[in-house]
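See below for the structure under consideration.
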Amino acid sequence: MDRDRLGKDGQVERYLKGAERERTRRQNEKNRNLRGGEREDREHRGHRTRGHEQWDEEDDDAPTFQRIRKPTSAPTGRRAGLPEADEADCLVVGVESGKVLVELHGEVVEARMLPEFVVRGAVTVGDLVALEETRGGSPRVIAIAPRRNALTRTDPANPHEERVIAANLDLAVIVLAPHEGGVREGMADRIRVALAPHGVEDLLVVNKVDLLADGERTALEARIAAHAENGREAIAVSAHSGEGVDQLRSALADRTVVFVGPSGVGKSTLLNLLDPSVQRPTGEVREKDGKGRHTTTSSRLVRLAGGTRLIDTPGVRQFGLGPLDLDDLRVAFPELVVRATDCRYSDCRHLGEEGCALEAAAKSDVHLAERLGAWRRILESDG
Ligand code: GDP
Ligand code: ZN
């Protein structure tokens, strides 16, 4: 009996660990957003990177990313005298084959990479880099600052390879749209799992709510309320009617934000609406000129009014996760964590083990059953 109870206590502790880690991460993230907080935090961890917030606060009026280094030598690949990664302060706004687009004096310039950086994922949108002038050619990226976080997924063609989508984020906006009246949230769960180790906040945007019938709308509201109960922020938006757009805009203010989701959900339309001075081609525009659906083939960072740095990403069909850490999965499923304390085994994965409390409870709780199904789909495909 006693052993049982001890077992249970241990179980509670294990399961709560995930939620606790998440709280700590979110708190750290908030602290970092306070003036100077990030620097302190990084110094504590042995880095001395300057974060966007700090830049923006210190250099309110100045063009922010502006340094190009004098040539240190002919481009012979000699490393002596190169700036350290912690001096990297030019913002990467795009990456194309073999070259990066970097903000310099408020303008976007093309830079080349040192051969050692020409590796997929070595430089990504949102990175801070140091540039060096080269004689007669475009500047070169010679140092990359350590990232404070990154959103990554596995390469659909090669699940062992990681693809970095964007780095140094304050918020990930997961954009979905209703499909046959309901919203499939599997991708949102996966993105939350990918963000969990970094503690990056997420916001679920359900766009195209103008397409929902009354009953479907009521069901969506119930889901949004359930999300809120579990600490997940979600909003109903329509780029067509304008509903929720102001709320979305204010959630993005002064932050580096990535828009991620399947294609066709309205990411470009929303972006154009958030700041009409940025015009990304949308599905509709391309359909009109007969060229079919557009494809945003690479991520781009654009600055919007209100201090938002928005990273628009190509639509993802599948969001593959690397090796799964159960604690990261728990962060995305807090409603299961609380109920799992009654499972017989402390390491219950809720995949049909004997004495699984979730399995029993799900029989009479539709919402729980649905979340358990989502948990299982991730564990069964990636675990
Ligand atoms: P993206 O691939 O996520 O960037 O999607 P797009 O912005 O290209 O939009 C895809 C299609 O959805 C276009 O035809 C848009 O006009 C349409 N669309 C975008 N937002 C809404 C919306 O709120 N309601 C409706 N009904 N259609 C929308
Ligand atoms: Zn269980």
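Whatever order the structure lists ligands and atoms in, that order sets their numbers, starting from 1.
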- If you have a sec, read the angle at the Zn ion (ligand 2) from H350 atom ND1 over to C343 atom SG, to 10 degrees. 100°

- Query: What are the atoms of ligand 1, with element, lying closer than 4.0 Å to any heavy atom of G266?
  - Reply: 1 (P), 3 (O), 5 (O), 6 (P), 7 (O), 9 (O), 19 (C)

- Please could you name the atoms of ligand 1 that L211 approaches to less than 4.0 Å, counting only its heavy atoms? 26 (N)

- Message: List the residues meeting ring-ring contact (aromatic ring centres under 6.0 Å, His included) with F259, not counting sequence neighbours, and say none if there are none.
- Response: none

- Where the closest heavy atom to atom 18 (N) of ligand 1 is concerned, which of E243, K267, K208 has it? K208

- Note on the structure: For S263, the ligand 1 atoms with a heavy-atom partner under 4.0 Å come out as 2 (O)

- Task: Take the angle between the ring planes of W375 and H350 and call it parallel below 30°, perpendicular above 60°, tilted in between.
- Result: tilted

- Message: Between the side chains of E221 and R217, is the shortest nitrogen-to-carboxylate-oxygen separation below 4.0 Å, so that they form an ion pair?
- Response: yes

- Counting heavy atoms not belonging to D214, are there more than 12 under 6.0 Å from its CG? no

- Are L211 and V175 joined in one hydrophobic group, where the rule is that I, L, V, M, F, W and Y side chains link up if heavy atoms are under 4.5 Å apart? no

Solution key, residues 181-193 side-chain donor-acceptor pairs under 3.5 Å, sequence neighbours excluded:
unit_1, atom_1, unit_2, atom_2, d
R184, NH2, H179, NE2, 3.4
E185, OE1, H227, NE2, 2.7
E185, OE2, R223, NE, 2.7
E185, OE2, H227, NE2, 3.4
D189, OD1, R192, NH1, 3.2
D189, OD1, R371, NH1, 3.2
D189, OD1, R371, NH2, 3.1
D189, OD2, R371, NH1, 3.1
R190, NH1, F319, O, 2.9
R190, NH1, D382, OD2, 2.9
R190, NH2, S381, OG, 2.7
R190, NH2, D382, OD2, 2.9
R192, NE, D202, OD1, 3.1

- Query: For ligand 1, which atoms, with element, lie under 4.0 Å from some heavy atom of A239?
  - Reply: 20 (N), 22 (C), 23 (O)

- 4.0 Å heavy-atom contact, G315 with ligand 1: no

- Task: Decide whether an N or O pair under 3.5 Å exists between V265 and ligand 1.
- Result: yes

- Item | Contact partition for T269 relative to ligand 1, non-hydrogen atoms under 4.0 Å | both

- Query: Do ligand 1 and S268 have nitrogen or oxygen atoms that lie under 3.5 Å from each other?
  - Reply: yes

- Query: Any salt bridge between D312 and R300, counting N to O under 4.0 Å?
  - Reply: no

- Query: Less than 4.0 Å between a side-chain N and a carboxylate O, is that true for R344 and E354?
  - Reply: yes

- Message: Counting only nitrogen or oxygen atoms and a 3.5 angstrom limit, does V237 reach ligand 1?
- Response: no

- Note on the structure: Near D210 (heavy-atom distance under 4.0 Å), the atoms of ligand 1 are 22 (C), 23 (O), 24 (N), 25 (C), 26 (N)

